[in-house]
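The next block holds one structure in the form of structure tokens; read it before the comments.
Every chain is numbered from 1, with letters handed out A, B, ... down the list of sequences.
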2 protein chains.
Amino acid sequence: MKRKITLKQIARELDVSISTVSKALRNSAEISDDTKQKVQAFAKLYNYKPNNIALSLKNRRTNTIGIIIPEIVHHFFSKVISGVELVANKRGYNVIIGLSNESFAKEVINMEMLANGSIDGFVLSMSKETLKLQDYHHINETMTQGMPIVMFDRVVSDLRCDKVIVDDFNGAKKAVKKLIENGCKSIALITTEDYVSVGKLRTQGYLEALDEHTMTPKAELILKIDESLDYEAHLEELEKEIEQLFQSNPTLDGVFAVNEIYALLAMKVARKLGLNVPNDVQVIGFTDGVLSKHATPSLTTVSQHAQQMGEKAAELLIDKLESEFNSADEEFQTVVITTDLIERESTK
Amino acid sequence: MKRKITLKQIARELDVSISTVSKALRNSAEISDDTKQKVQAFAKLYNYKPNNIALSLKNRRTNTIGIIIPEIVHHFFSKVISGVELVANKRGYNVIIGLSNESFAKEVINMEMLANGSIDGFVLSMSKETLKLQDYHHINETMTQGMPIVMFDRVVSDLRCDKVIVDDFNGAKKAVKKLIENGCKSIALITTEDYVSVGKLRTQGYLEALDEHTMTPKAELILKIDESLDYEAHLEELEKEIEQLFQSNPTLDGVFAVNEIYALLAMKVARKLGLNVPNDVQVIGFTDGVLSKHATPSLTTVSQHAQQMGEKAAELLIDKLESEFNSADEEFQTVVITTDLIERESTK
DNA sequence: TTTTAACACGAAAACGTTTTCGTGACTTTC
DNA sequence: GAAAGTCACGAAAACGTTTTCGTGTTAAAA
């Protein structure tokens, strides 16, 4: 088990100084061609590669960016990572991940762990708990120490940093308008509690669309799912709630759901109640995950372009990292990724 | 934008030596209580945290593990990462990801990038291209340099390292036996080309199950999908192939597919041909992804316990890292994660 | 009083780089 | 033949730690 070879070892072996080796490898004009050749050949033979850690220490930059997300087993987030990784690699950066599991404490710990020199900057999406507690001290402290942060999707507008967000409001509005144009008269909304900014905006889009068509929103058509019975764990209760929604609104002919699972469940309930999708009731979801594409009938959704979000976030971060001179001007951008309505079989 | 504070700065500020500060913070007995208190208070005030990079350089270990996977937008792989991250964090390690996108070149580049000091060891699953080319020099070189590797899922048995694999053979066998016991007489297999070890083993399991029930396999019941038309991109062609399979085998009453997509497509085709699942034809897939759970009818699958694989792989790796003394004995384990058959609506 | 021991701290090396600044040996120039 | 310039290389500092080994001061023991 031989260790990796270092400059020092090459120097000793070739009976020159460390400086000479270093310069020879970087093709410095200071070194004679003879020596260069000798050194380079030797280095190649022993497969010398400079030690990243030593470089990081010397340069005070790691060429690594950290990404903090609530969970990774999730089509949207993994797609974002994919985008981040793509541009990071293209620009010579590595990506290190931290999962918060929607927990405030884990988010803080993870960030502190990475902020101590391991990375040059963060791309992050906040955990639900953090959003609920509205405690952003860890974010602020990190930024104060000169470490740039780019937030995406689950952002909070007060924080002074770059942001990449989805056009939740217009995405939702577009979807609901589509339902209306397709002839729906009684459109339900299945959404989350309001503290997740994303859910709130989508709700507003729903209301706005109704308003523009002079339809009055009815409280009984809006179902807010308690986050505590998050999907996977409590699918059946969730289904019951949605069934109840259908039963107490017999005229229901359209559903807009803020995520895939809610939409799929709505279709399932409809089928169970003998309703045909899309003939009796049309359904639109949010997030272009695998479920929408492979469901039967396949689901019309609002596509978020997650990969593009990741790419943009990484670009913003790296741009900031590489223009380090502007310590003063400090201007932050918010990039909005537009949504597309992908029409499939669940709408007419 | 103030930089993070260092030992040197604290030392200068408090007019003591760097050594004293370091020792005081680590509560060394060499330092008087007076000085300790002073130093610790100051450090706390300025939120001192030791610089990870400097520590890594000094200790020659980064407490970071690298994970190389073919893609991340994939339920199985993201679940594995989730498992790796879980135990890594529990044991004080960070996780850095590298995506190969199923490309040999990217796999090599990524590994070289990380192997130069950034990480202490690898968890990896090989790209299809690497498996096809059978070029493992990068793996061997990395191991020669004393960097441990744990492979999972897509492994190659010749390589001398720890491995974590799924019991593909028995998983497949169990599934097919289930179909047989449920009364299927004509069972199709939808699989991949053989060079992906995983596909090969599942095929063998299928054959073995038939054999044990003295059923003779028929070539026309085995559909090998060409990898080049991998899912997502060529869904329609794929569907046609499967439809052809159904039509040229009218007595078909069972399907075992080596992944979710193939299984879902089989159900779709069956429905299209007026066949009821599970009454006319029963279907079992492989991989416990989201699709299986949320499909209609929901899909009976062989569960791979991806998260558990990740956890186990990380444990093996960290165990090896932390027992560094055994440079000689070099014994490697192969852990087999057993599969479970999760019965849902697509079987009787 | 002298020797010894305990105490509290500092200097310096080491981890592996890059880079600045010398410096000795030649070569050129007048 | 002396001054100046070029060439090829080495010493050392710096990045931020930890740790080993002094060392000067004071208190206890002889």
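For the segment residues 21-29 of chain B, the set of residues with a heavy atom within less than 4.0 Å of an atom of DNA chain D comprises B/S22, B/K23, B/R26, in numerical order. At a non-hydrogen distance threshold of 4.0 Å, B/V16, B/S17 from residues 8-17 of chain B come into contact with DNA chain C.
Set against C/dC9, D/dA14, D/dA11, the side chain of A/S19 has D/dA11 as its closest nucleotide. With D/dC9, C/dG16, C/dC9 as the choices, the nucleotide that has an atom nearest any side-chain atom of B/T35 turns out to be C/dC9.
In this structure, A/K106 places its NZ atom where more than 12 heavy-atom neighbours from other residues, nucleotides or ligands lie under 6.0 Å away.
Residues passing the side chain to side chain contact (heavy atoms under 4.5 Å, CB included) test with B/E311, sequence neighbours excluded: B/L86, B/V87, B/Q307. Here B/S78 pairs with A/I72, A/V73 under the side chain to side chain contact (heavy atoms under 4.5 Å, CB included) rule; sequence neighbours left out. Remark: A/N101 engages no residue in a side chain to side chain donor-acceptor pair (under 3.5 Å) (not counting sequence neighbours). Applying the side chain to side chain donor-acceptor pair (under 3.5 Å) rule to B/N52 yields the partners A/S118; only residues at least two apart in sequence or on another chain are considered. A search for ring pair (Phe, Tyr, Trp, His ring centres under 6.0 Å) contacts involving B/F77 returns B/H74, not counting sequence neighbours. For the ring pair (Phe, Tyr, Trp, His ring centres under 6.0 Å) test, residues two or more places apart in sequence or in another chain that qualify with B/F104 are B/H138.
For A/R60 and D/dA14, the shortest distance from a side-chain N or O to OP1 or OP2 is not below 4.0 Å. Within the structure, every side-chain polar atom (N or O) of A/T6 is placed at least 4.0 Å from both OP1 and OP2 of C/dC15.
For the 3.5 Å distance criterion, the side chains of A/K4 and B/N116 qualify, holding a donor opposite an acceptor.
Note on the helix from C/dT1-D/dA30 to C/dC30-D/dG1: terminal axis deviation equals 70°, with five pairs used at each end and the result rounded to 10°.
As judged by a 4.0 angstrom heavy-atom cut-off over every strand, A/S32 is placed among residues touching the sugar-phosphate backbone only. Counting any heavy atom pair closer than 4.0 Å across all strands shown, B/S56 reaches no nucleic acid atom. Within the nucleic acid shown, B/L55 comes within 4.0 Å of sugar-phosphate atoms alone, with no base atom in reach, counting heavy atoms only.
Side-chain atoms of B/I10 and B/E13, non-hydrogen and from C-beta on, never get closer than 4.5 Å to each other.
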Nucleotides 22-27 of chain D: protein proximity per nucleotide (B base, S sugar-phosphate only, - neither; heavy atom, under 4.0 Å): ------
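A side chain to side chain donor-acceptor pair (under 3.5 Å) check over residues 146-161 of chain A, counting only residues at least two apart or in different chains, returns the pairs A/E102-A/R154.
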Got a list of protein N/O to nucleotides 23-28 of chain C N/O distances below 3.5 Å?
none

